[in-house]
2 protein chains.
Amino acid sequence: MAKSKKTAEGSEGGGAEQRRLQMVDIARLAGVSVSTVSRALNGSDLVNAETRQRVADLARSLNYSINFGARNLRLQENKTVAVVVPFDAASRQHISDPFFLSIVGSIADALTDRGYDMLLSRVDAERLDLASHWFDSGKAIGVILIGQWRHHDQLNEMAARKLPLVVWGGEMPQQLYCSVGGDNVLGGLLATRHLLSLGRRRVAFIGDANLPEVWLRREGYVQALAEAGLTADPALELPAPFEPGVATGVVQGFCAARQDIDAVVCCSDVLALLTIQALRASGRSVPQDVAVVGYDDMPLAAYCDPPLTTVHQPVAEAGAELVEALLGQLRGERAGPRTMPVYLKLRQSAPQSGA
Amino acid sequence: MAKSKKTAEGSEGGGAEQRRLQMVDIARLAGVSVSTVSRALNGSDLVNAETRQRVADLARSLNYSINFGARNLRLQENKTVAVVVPFDAASRQHISDPFFLSIVGSIADALTDRGYDMLLSRVDAERLDLASHWFDSGKAIGVILIGQWRHHDQLNEMAARKLPLVVWGGEMPQQLYCSVGGDNVLGGLLATRHLLSLGRRRVAFIGDANLPEVWLRREGYVQALAEAGLTADPALELPAPFEPGVATGVVQGFCAARQDIDAVVCCSDVLALLTIQALRASGRSVPQDVAVVGYDDMPLAAYCDPPLTTVHQPVAEAGAELVEALLGQLRGERAGPRTMPVYLKLRQSAPQSGA
DNA sequence: ATGAAAGCGCTAACAG
DNA sequence: CTGTTAGCGCTTTCAT
């Protein structure tokens with residue numbers, strides 16, 4: 001408000017705490033015009049090598065860095081990508097699932113490697129469409145959304161509006177947006193098939209099939225059951241959400257009620273952990289009485305009690321895939337959804353039959 | 001490069017996929033000047049209420065959002081904060097410790113609540129000073145750094161350069177920068193005192209005391225030992241880093257070599273997990289033979305094997321504290337370091353004596 | 001109550 | 001090779 005001092009606060013005094021250095025300053029000091037400084041700093045060969053060096057040195061010694069806001073405005077360019085993590089509005093649960101956090105880290109690396117900045121934010125999982133704000137406002141050139149949640153429809157609509165968008169999640173029929181994700185059907189299949197190979201026959205499935213990824217995993221689950229001549233029993237399915245706060249009670253109730261199950265496929269490692277606790281609370285041991293398979297293979301999965309047998313998701317590669325998909329889209333490429341391989345990591349919660 | 005089409009691509013055709021809507025567009029459609037649109041959208045009462053409404057409606061129906069780059073440039077203002085997570089250059093370990101990730105989530109919430117954006121990035125832990133780039137380049141109004149690591153000196157220098165900076169970490173003597181952190185001395189004290197109260201006498205300490213936070217925790221460790229009439233035995237201290245990749249081998253070697261220890265204070269929950277694994281590998285049980293206390297109380301600490309007794313850090317409050325400290329600094333307040341209380345969360349890895 | 005014009009820090013024609 | 005000039009999209013005096 002009250003800061004209209006234009007040119008003042010020069011180089012004389014000792015208290016230049018405030019104004020940020022800009023091109024005109026280094027231009028003056030170097031005795032050239034701002035254009036020359038601009039060119040020099042951008043390594044243009046239109047400027048004398050000696051001058052270029054002098055300007056560069058001066059800039060470095062003064063610790064000058066360019067004002068990207070101005071540069072971007074002028075160039076109509078932007079190197080920022082918005083990464084948006086949905087949160088559960090009801091519980092207002094924070095970003096906390098280790099898997100989502102890992103994906104974010106992976107994206108951060110991929111963006112950094114390519115010279116992009118990452119704007120991280122959260123959005124109400126019921127209003128995924130609000131994520132387009134980052135693009136609309138020019139703050140980001142595109143959006144990477146972590147998870148589809150319950151709003152496939154909103155995502156399709158965003159894609160229809162030509163929002164540069166990539167979503168971590170499963171590939172659904174008639175999908176307009178670009179998704180990148182693990183092979184969920186395969187994951188569900190491998191997990192279930194393994195449990196059946198252990199001789200288990202009452203295999204429960206824990207996860208909210210309203211979410212595309214879970215729906216697909218359930219497809220794999222059903223398919224594996226069919227291979228073994230079994231059909232899915234609705235009584236063995238529990239639509240628990242990913243948020244531990246909400247899931248805990250639900251899972252406890254389920255485990256206490258279903259004393260007949262001998263195996264569980266969980267849709268995240270955190271759910272698997274909760275399930276194991278609930279099973280023990282109801283007097284059963286894991287894996288002896290009930291074998292449990294998790295999903296994600298989070299970094300800590302190997303250090304749980306017992307170490308989790310789980311479906312490994314390709315987190316390390318995920319970041320690069322998501323970023324490449326987005327940049328490809330911006331280059332005008334018509335990138336379709338991408339499904340990445342997953343595999344079953346065997347540990348103690350559902351060990352190899354011999355173990 | 002090849003996009004100099006100025007005014008064209010108007011309202012006629014059907015293929016207006018490209019150019020982003022701007023004030024001049026809605027001005028034209030509303031039949032007013034851009035100044036009026038600007039004022040209307042900013043709720044200035046200099047504009048006729050009816051006009052203001054009409055403009056607002058039009059903007060909303062067209063899904064217009066303002067270009068913040070331009071706005072910020074004009075207003076010399078910026079609502080973006082850089083959050084920087086150091087990474088280990090040697091191992092190129094990703095952001096992965098659950099504790100750091102939790103802190104980031106907490107900061108994200110705090111910033112969102114206050115209407116700020118968060119730019120997330122990583123920096124080489126040996127060159128923390130590079131984090132100032134976000135400020136220097138005008139991309140962010142300040143920097144929140146997660147952890148002090150080995151470069152207290154660089155942080156002091158950054159603060160001396162008047163960089164708006166807040167660091168998660170411990171309070172060190174002669175510190176020029178603003179830090180916010182848990183009470184590390186107290187944490188170390190509580191952990192050690194508890195183990196001693198269990199009758200343990202050979203208490204190891206695992207953590208790299210070159211890091212200020214660890215150094216302070218060790219102070220508490222030494223203090224608790226002194227209370228019990230003991231002195232720290234250098235042979236019981238292991239300077240293991242936080243990165244699991246590097247730490248694993250070091251911890252295994254230590255546990256195999258030191259068969260005499262009966263308790264361990266670890267400087268993170270992940271280190272505690274690694275330690276427990278290593279102890280078991282060398283034939284000892286936890287907590288019977290060796291009791292283990294972790295640090296952080298990460299979300300999964302309760303679900304490990306065994307559930308971890310650990311020093312609880314105030315993650316949920318941390319975000320707000322860090323953000324407030326930074327904003328205070330920007331308002332010119334001379335905010336000193338802030339130390340937040342911690343407490344010991346008792347679980348099975350070092351249970352209450354009765355258990 | 002509204003419009004015209006200037007300018008935030010930078011880049012890119014366009015002249016020299 | 002270098003300087004002058006115009007303008008990115010917006011806000012804000014200054015005139016109406």
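A note on names: the letters A, B, ... follow the listed sequences, proteins ahead of strands, and every chain is numbered from 1.
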How many Å lie between [atom1] on [X] and [atom2] on [N], as a whole number?
| X | N | atom1 | atom2 | value |
| --- | --- | --- | --- | --- |
| A:Met23 | C:dT11 | CE | P | 4 Å |
| A:Arg20 | C:dC10 | CZ | P | 10 Å |
| A:Glu77 | C:dT11 | CD | P | 10 Å |
| B:Ile26 | D:dG9 | CD1 | P | 15 Å |
| A:Leu46 | C:dA13 | CG | P | 11 Å |
| A:Leu41 | C:dG9 | CG | P | 16 Å |
| B:Asn78 | D:dC10 | CG | P | 17 Å |
| B:Leu73 | C:dA6 | CG | P | 18 Å |

Is the distance from OP1 or OP2 of [N] to the nearest side-chain N or O of [X] less than 4.0 Å?
| X | N | result |
| --- | --- | --- |
| A:Gln76 | D:dG9 | yes |
| A:Asn72 | C:dC10 | no |
| B:Tyr64 | D:dG9 | no |
| A:Thr36 | D:dG3 | yes |
| A:Asn67 | C:dC8 | no |

Could you work out which one of [options] sits closest to the side chain of [X]?
| X | options | result |
| --- | --- | --- |
| A:Arg74 | D:dG7, C:dT2, D:dG9 | D:dG7 |
| A:Leu75 | C:dG9, C:dA12, C:dG3 | C:dA12 |
| A:Asn48 | D:dT2, D:dT11, D:dG9 | D:dT2 |
| B:Val47 | D:dT2, D:dC10, C:dT2 | C:dT2 |
| A:Gln22 | D:dC10, D:dG3, C:dC10 | C:dC10 |
| A:Ser38 | C:dC10, C:dT11, D:dC8 | C:dT11 |

- [ ] Would you please classify the geometry between the B:Phe100 ring and the B:Trp149 ring as parallel, tilted or perpendicular, with 30° and 60° separating the classes?
- [x]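 Geometry flag for B:Phe100 against B:Trp149: tilted rings.
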Open item on the list: For D:dG3, does the base pair up with any side-chain atom of A:Arg39 as donor and acceptor (N or O, under 3.5 Å, distance only)?
Closed with: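 Side chain to base: pair present.
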Open item on the list: With a 3.5 Å cut-off and heavy atoms only, can you find an N or O donor on one side and an acceptor on the other between the side chain of A:Thr51 and the base of D:dT2?
Closed with: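 For A:Thr51, whose side chain was compared with the base of D:dT2, there is no donor-acceptor pair (under 3.5 Å).
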TODO: Determine the sole option in B:Glu321, B:Glu317, B:Glu324 for which the salt bridge (Lys or Arg N to Asp or Glu O under 4.0 Å) test with B:Arg338 is passed.
DONE: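 Looking at B:Glu321, B:Glu317, B:Glu324, the match for B:Arg338 under the salt bridge (Lys or Arg N to Asp or Glu O under 4.0 Å) is B:Glu321.
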Task: Nearest heavy-atom neighbours spanning A:Gln329 and A:Cys178 - done: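 Between these two residues, the closest heavy atoms are NE2-CB, 3.6 Å.
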TODO: Could you check B:Gln175, B:His151, B:Gln148, B:Arg150 and say which one makes a side chain to side chain contact (heavy atoms under 4.5 Å, CB included) with B:Pro212?
DONE: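 That would be B:Gln148.
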Open item on the list: Side chains of A:Arg122 and B:Thr112: any donor to acceptor distance under 3.5 Å?
Closed with: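 Result is no, nothing qualifies.
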- [ ] Dump the intermediate steps for side chain to side chain donor-acceptor pair (under 3.5 Å) on B:Ser38 and B:Ser35, then the final yes or no.
- [x] CA-CA 5 Å; B:Ser38 171; B:Ser35 332; over 6 Å; no
TODO: Give B:Ser35 one of three labels, base, sugar-phosphate or nothing, depending on what nucleic acid heavy atoms sit under 4.0 Å from its own.
DONE: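 If one applies the 4.0 Å heavy-atom cut-off, B:Ser35 turns out to touch a base.
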